[in-house]
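In what follows, a structure is listed as structure tokens, so that the remarks can point back to it.
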Amino acid sequence: MAHPIVAIIGRPNVGKSTLVNRLCSSREAIVHDQPGVTRDRTYQDAFWGGKDFQVVDTGGLVFDDESEFLPEIREQAKIALSEASLALFIVDGQLGLTCADEAIAEWLRGCDCKAVVAVNKCESPEQGLSMASEFWKLGLGEPYPISAIHGVGTGDLLDQVVSLLPSLDLKKDNLETIQLAIIGRPNVGKSSLLNAICGKPRAIVSPKRGTTRDTIDTLIRRENYLWKLIDTAGIRRRRSVNYGPEYFGINRSFKAIERSDVCLLVIDALDGVTEQDQRLAGRIEEEGRACIILVNKWDLVEKDTYTMTQMEKELRSKLFFLDWAEMVFVSALTGQRVNSVFGFATLAVDQHRKRVTTSVVNEVLIDALGWRSPPTTRGGKQGRLYYGTQVSISPPSFTLFVNDPKLFGESYRRYLERQLREGLGFEGTPIKLFWRGKKQRDAEKEIARQQERAIKS
């Protein structure tokens with residue numbers, strides 16, 4: 001059974017995201033002095049008074065305007081309330097009671113959900129009660145004066161919140177959680193893909209670029225795992241991004257890559273691989289994340305018997321450094337092959353965490369040396385590979401002990417990596433090779449001896 005949910009509701013720019021960060025002791029929700037920054041609903045974990053619960057941030061509610069995204073934001077808020085045990089209604093104490101606040105209060109009274117009113121921007125405890133008294137008119141019970149920025153009054157507010165939450169017997173499933181980040185340029189269909197996977201409108205979808213700003217975490221159960229799906233903001237070139245909500249959203253997208261176990265790199269089948277796609281692929285490899293390449297909008301491509309083979313060859317020629325990643329052609333719109341993503345992702349995660357014994361590693365290396373000897377320089381010096389061992393996982397990393405790393409050029413290094421993959425697997429994950437020469441080992445031994453003598457003396 002899941003933790004109880006507290007939905008944060010209110011009109012634009014009253015400080016909802018600031019309060020979410022305060023309640024959850026985080027900085028995950030994007031905060032900017034501009035209305036309409038939050039659009040999708042985003043979840044974070046919170047704890048107070050011995051109770052675990054989730055806080056869901058929602059976009060600013062406006063009922064008398066049908067401008068872009070406002071109807072979708074209302075729909076997201078409605079879904080959040082349907083899941084919630086309690087609505088935390090945020091109002092602006094400095095501005096006072098508005099018609100928009102009254103409209104939201106009327107809407108909340110029609111919902112089957114308890115509500116608590118928090119009067120934000122009451123930095124002065126003395127004046128806070130006076131500022132909050134006006135909001136008794138909403139008919140939703142006692143209004144609590146708080147300051148989301150400074151934390152004034154949030155303790156009393158949380159005491160009231162947890163007192164109204166149901167007491168649940170939280171029996172956690174013994175399922176391992178895998179973090180899966182959906183990465184790509186703007187408008188390649190990341191949010192549509194998330195909705196197709198979840199089978200419901202989890203994120204707002206629009207033809208306009210930059211619709212998603214926050215990273216959106218969603219938990220679902222598939223393949224005997226608990227998957228945390230992380231939908232991210234579309235990542236554009238740095239010079240095209242102005243400081244503001246998009247800037248913060250892109251930073252969170254890069255952090256999503258860092259904290260993920262596996263990335264879904266979404267490519268637009270109509271556009272093919274762009275320069276920005278190559279940069280994102282390089283970032284995924286640099287971070288050592290497992291990866292699946294999803295070619296979206298496959299339903300819009302005119303096809304014959306050879307189209308998929310030809311397109312895969314063309315795409316891989318531009319993503320050659322991700323030649324180890326599975327490529328899947330999908331359509332978020334029709335759902336074509338969407339469910340196959342979890343099978344490939346499970347395999348990639350297993351390989352990302354795979355460990356091989358030293359004896360098996362050296363069997364593969366001996367076989368590789370038999371097929372192709374290390375190169376020899378013009379001066380007659382030849383590289384010698386003594387042995388190798390796996391030193392870590394996630395990603396799988398190997399140390400190769402040689403006479404001199406400089407004698408092994410890029411071509412031979414790539415050859416050994418291919419041989420390790422062919423002999424050991426590692427589909428869907430990068431592998432790292434570290435080269436240690438004899439001089440380096442001798443220097444390390446000398447340092448160790450000096451440290452030992454220093455300790456004895």
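Numbers here simply count residues along the sequence, with the first being 1.
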Any donor and acceptor pair, going by atom type alone, linking the side chain of [X] with main-chain N or O of [Y] inside 3.5 Å?
X	Y	value
N120	A148	yes
K121	Q94	no
H352	C291	no
T58	I8	yes
Q278	K318	yes

Answer yes or no: is there a side-chain heavy-atom contact under 4.5 Å between [X] and [Y]?
X	Y	answer
K303	M308	no
V56	E83	no
F342	I292	no
V338	I197	yes
P4	L86	no
V356	V361	yes
P143	L138	no
D45	Q54	yes

Kindly give the heavy-atom pair with the smallest separation between [X] and [Y], and that separation in Å.
X	Y	value
L400	G388	CD2-CA, 3.9 Å
N296	G189	ND2-CA, 3.6 Å
G151	T154	O-OG1, 2.8 Å
S130	S133	O-OG, 2.6 Å
G272	D277	O-OD2, 3.4 Å
S397	F434	CB-CE1, 3.7 Å

Would you give the length of the straight line joining atom [atom1] of [X] to atom [atom2] of [Y], rounded to the nearest 0.5 angstrom?
X	Y	atom1	atom2	value
F53	Q44	CZ	CD	11.5 Å
L265	I182	CG	CD1	11.5 Å
L193	S331	CG	OG	10.0 Å
K190	L264	NZ	CG	12.0 Å
Y225	T177	OH	OG1	11.0 Å
W48	Q160	CH2	CD	13.5 Å

| query | Is it true that E106 and R109 have a side-chain N and a carboxylate O under 4.0 angstrom from each other? | reply |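 Answer for the salt bridge query: yes.
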| message | Under the ring-ring contact (aromatic ring centres under 6.0 Å, His included) definition, can you give me all pairs with a residue in residues 316-341, not counting sequence neighbours? | response | W298-F329
Could you tell me which residues satisfy side-chain contact (heavy atoms from CB on, under 4.5 Å) with [X], sequence neighbours excluded, listed by chain and number?
X	result
T357	S359, V360
I149	T18, S147
D156	D159
E142	W136, Y144

Results of salt bridge (charged side-chain N to carboxylate O under 4.0 Å, His left out) for [X] - residues two or more places apart only:
X	answer
K354	none
E286	none
E285	none
E312	R316

| Which residue pairs pass the salt bridge (charged side-chain N to carboxylate O under 4.0 Å, His left out) test when at least one of the two sits in residues 293-302, sequence neighbours left out? | D268-K297
| What pairs meet the salt bridge (charged side-chain N to carboxylate O under 4.0 Å, His left out) rule with one or both residues in residues 9-21, with sequence neighbours excluded? | R11-D101
| said: Run L88 and L19 through side-chain contact (heavy atoms from CB on, under 4.5 Å) and show every step you take. | reply: CA-CA 10 Å; L88 192 51; L19 182 62; 4.1 Å; yes
| said: Are more than 12 heavy atoms, taken from residues, nucleotides or ligands other than N224, located less than 6.0 Å from that residue's CG atom? | reply: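 Atom CG in N224 is not crowded, with 12 or fewer foreign heavy atoms closer than 6.0 Å.
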| said: Given D261, which partner from the list R289, K228, R353 fulfils the salt bridge (charged side-chain N to carboxylate O under 4.0 Å, His left out) test? | reply: R353
| task | In sequence, state the C-alpha distance, the side-chain angles, and the governing distance for R283 and I183, and then conclude on side-chain contact (heavy atoms from CB on, under 4.5 Å). | result | CA-CA 11 Å; R283 184 67 176 253; I183 306 296; over 6 Å; no
| request: Check step by step if side-chain contact (heavy atoms from CB on, under 4.5 Å) holds for K313 and Q310. | output: CA-CA 5 Å; K313 184 178 180 180; Q310 291 172 346; 5.8 Å; no
| request: Scan side-chain atoms only and decide if S192 and N195 contain a donor-acceptor pair under the 3.5 Å cut-off. | output: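 Distance-only check fails for S192 and N195.
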| Between R413 and E417, does a side-chain contact (heavy atoms from CB on, under 4.5 Å) hold up when you go through it step by step? | CA-CA 6 Å; R413 293 185 181 208; E417 181 177 336; over 6 Å; no
Listing, residues 424-432 side-chain donor-acceptor contacts under 3.5 Å, not counting sequence neighbours, or none:
none

